[in-house]
Amino acid sequence: MKNKEKKTLLVIILTLITMAAEIGFGYLSNSMALLADGWHMGTHAFALSITFFAYIMIRKFADSEKLAFGSGKFSPLAGFASAILLGLSGLWILYESAERFFTPLQINFNEAITVAIIGLAVNTACILIMGGHEHGHSHKHSAECGAPEHKHEDYNFKSAYLHILADALTSVMAIAALLLGKYAGLNFLDSIVGLLGGIMICVWALGLIKSTAKILTDYEAEPLKTAALEKLKESGLKTDYLHIWDTGEGNYAAALKYSGGKSAEEAKRIIGELGDFVFINAEKTI
């Protein structure tokens with residue numbers, strides 16, 4: 001966790017420096033693609049700050065007795081907040097790009113291309129610092145248990161990575177648009193690239209919002225629940241209700257009410273074979 005904090009802080013510093021350069025030169029060169037990239041990096045610097053402080057909160061409250069399942073939900077909470085910012089930045093890029101498409105400005109290509117290349121270099125360095133896109137870890141359980149493979153995501157880290165990846169995408173698209181504008185006279189591509197980048201960013205944000213919202217609202221872990229119901233049925237137990245949800249700590253919690261010939265401890269053991277559970281409440285119907 002400490003290592004991720006240090007990586008995130010370094011990326012924040014690099015992002016702020018590049019943001020200032022791109023916004024300044026974007027206004028001077030009248031490049032919408034470069035401006036979009038710069039302001040985009042500004043929202044990402046703020047989002048990365050959320051990621052950084054979330055790690056501090058996770059560490060600080062790791063052993064708190066006030067949190068029923070630990071501090072794991074700080075990660076999806078930070079990811080959810082960052083995803084909203086990511087989506088808003090995408091919408092802003094769409095709006096500005098559409099406006100510039102209908103009211104184009106003269107672009108100073110040389111300055112804009114230079115700074116955009118610098119921005120891409122910084123984005124690439126940040127991606128390498130963050131260590132790629134593996135944000136979670138997979139769990140495989142015995143095939144005899146019928147349990148599906150599931151992957152726990154560090155949504156806090158994933159949101160930070162997506163912000164950086166979105167920066168890199170807009171940088172690449174900005175460079176392509178500026179080069180085509182300078183050498184082929186296709187100035188309108190500056191706005192088209194902004195529109196395409198905005199759409200892609202909104203799609204990423206929506207996916208992350210859905211993933212984190214499921215954990216924050218204790219959404220049913222359906223594949224695991226289906227496997228558990230089958231195992232309970234095979235054991236001769238009739239289920240009145242079963243709820244399984246992700247705690248955000250890399251494990252699950254379960255609540256079961258059943259009837260049948262097995263004790264509550266046996267019912268807990270059956271469910272416990274299917275995954276990493278921090279809490280299982282089993283109540284037998286009398």
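Values in this document were obtained by computation on a predicted structure and should not be read as measured data.
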Side chains of Leu120 and Ile175 in contact at under 4.5 Å (non-hydrogen atoms): yes
Residue pair Val11 / Phe52, side-chain heavy-atom distance below 4.5 Å: no
Pairing residues for Glu220 by the salt bridge (Lys or Arg N to Asp or Glu O under 4.0 Å) criterion, not counting sequence neighbours: Lys225
Thr15/Val122 under side chain to side chain contact (heavy atoms under 4.5 Å, CB included): CA gap, chis, key distance, verdict: CA-CA 8 Å; Thr15 301; Val122 173; 5.7 Å; no
Partners passing salt bridge (Lys or Arg N to Asp or Glu O under 4.0 Å) against Glu265 (at least two apart in sequence or in another chain): Lys268
Single-linkage hydrophobic cluster Ile56~Leu10, side-chain heavy atoms < 4.5 angstrom: yes
Closest contact, heavy atoms only, Leu237 versus Gly260: CD2-CA, 3.8 Å
More than 12 heavy atoms of other groups within 6.0 Å of Phe101 CZ: no
Closest contact, heavy atoms only, Ala177 versus Val193: CB-CG2, 3.5 Å
Any Leu196 side-chain heavy atom under 4.5 Å of Met173 side chain: yes
Results of side-chain contact (heavy atoms from CB on, under 4.5 Å) for Ala125 - residues two or more places apart only: none
Close side-chain approach of Leu67 to Phe74, heavy-atom, < 4.5 Å: yes
Distance, nearest 0.5 Å, that separates OG of Ser82 from CG of Leu162: 10.0 Å
Heavy-atom closest pair, residues Leu208 and Lys158: CD1-CD, 4.2 Å
Worked verdict on Lys257 versus Lys284 for side chain to side chain contact (heavy atoms under 4.5 Å, CB included): CA-CA 6 Å; Lys257 187 173 183 179; Lys284 186 174 181 180; over 6 Å; no
Side chain to side chain contact (heavy atoms under 4.5 Å, CB included) between Phe157 and Met130, intermediate numbers included: CA-CA 9 Å; Phe157 196 77; Met130 297 298 276; 3.4 Å; yes
Any residue meeting salt bridge (Lys or Arg N to Asp or Glu O under 4.0 Å) with Asp240, in chain and number order, not counting sequence neighbours: none
Residues forming a side-chain contact (heavy atoms from CB on, under 4.5 Å) with Ser259, sequence neighbours excluded: Lys238, Thr285
Pairwise distance CD1(Ile93) to OG(Ser191) - rounded to 0.5 angstrom: 12.5 Å
Sequence neighbours excluded, every pair satisfying side-chain hydrogen bond (donor to acceptor under 3.5 Å, both in side chains) that has a member inside residues 176-186: Asn110-Lys182
Hphob cluster co-occupancy, Leu178 + Ile117, side-chain heavy atoms under 4.5 angstrom: yes
Where at least one partner belongs to residues 185-242, residue pairs that pass ring-ring contact (aromatic ring centres under 6.0 Å, His included), sequence neighbours excluded: Tyr241-His243
hydrophobic_cluster_shared for Ile129 and Tyr55, side chain cutoff 4.5 Å: yes
Check: Leu86 and Ser159 side chains under 4.5 Å, non-hydrogen atoms: no
Criterion side chain to side chain contact (heavy atoms under 4.5 Å, CB included) on Leu256 and Asn281, from CA distance to verdict: CA-CA 6 Å; Leu256 167 69; Asn281 178 51; over 6 Å; no
Min side-chain heavy-atom separation Thr217-Trp245 under 4.5 Å: no
Sub-4.5 Å side-chain heavy-atom contact between Tyr258 and Leu232: no
Heavy-atom check, side chain of Val203 versus side chain of Ile201, under 4.5 Å: no
From Tyr252 atom OH to Ile280 atom CD1, the distance as rounded to the nearest 0.5 Å: 13.0 Å
From Phe277 atom CZ to Ile271 atom CD1, the distance as rounded to the nearest 0.5 Å: 6.5 Å
Residues which pass side-chain contact (heavy atoms from CB on, under 4.5 Å) with Tyr95, listed by chain and number, not counting sequence neighbours: Glu99
Taking every non-hydrogen atom, the tightest pair across Leu274 and Ala228: CD1-CA, 3.2 Å
Side-chain donor/acceptor of Ser75 to backbone N/O of Gly72, under 3.5 Å: no
Listed partners of Thr247 passing side-chain hydrogen bond (donor to acceptor under 3.5 Å, both in side chains), at least two apart: Asn251
Smallest separation among heavy atoms of Ala83 and Ile209, with atom names: CB-CG1, 3.4 Å
Test log, rule salt bridge (Lys or Arg N to Asp or Glu O under 4.0 Å), inputs Asp218 and Lys73: CA-CA 10 Å; Asp218 296 327; Lys73 283 197 176 180; 2.4 Å; yes
Transitive ILVMFWY cluster of Ile50, excluding itself - 4.5 Å side-chain cut-off: Phe46, Leu85
Co-membership, hydrophobic cluster, residues Tyr161 and Leu206, 4.5 Å side-chain: no
Partner residues of Lys262 under the side-chain hydrogen bond (donor to acceptor under 3.5 Å, both in side chains) criterion, sequence neighbours left out: none
Polar side-chain atom of Ser64 near backbone of Lys66 as donor-acceptor pair, under 3.5 Å: yes
Side-chain (Glu266) to main-chain (Ser263) donor-acceptor, under 3.5 angstrom: yes
Minimum heavy-atom distance between Gly90 and Cys202, given as atom pair plus value: C-SG, 3.7 Å
Distance in Å, Ile215 CD1 paired with Phe80 CZ, rounded so as to fall on 0.5 Å steps: 12.0 Å
Straight-line distance of Met200 CE to Leu165 CG, nearest 0.5 Å: 9.5 Å
Qualifying residues under side-chain hydrogen bond (donor to acceptor under 3.5 Å, both in side chains), relative to Thr124, sequence neighbours excluded: none
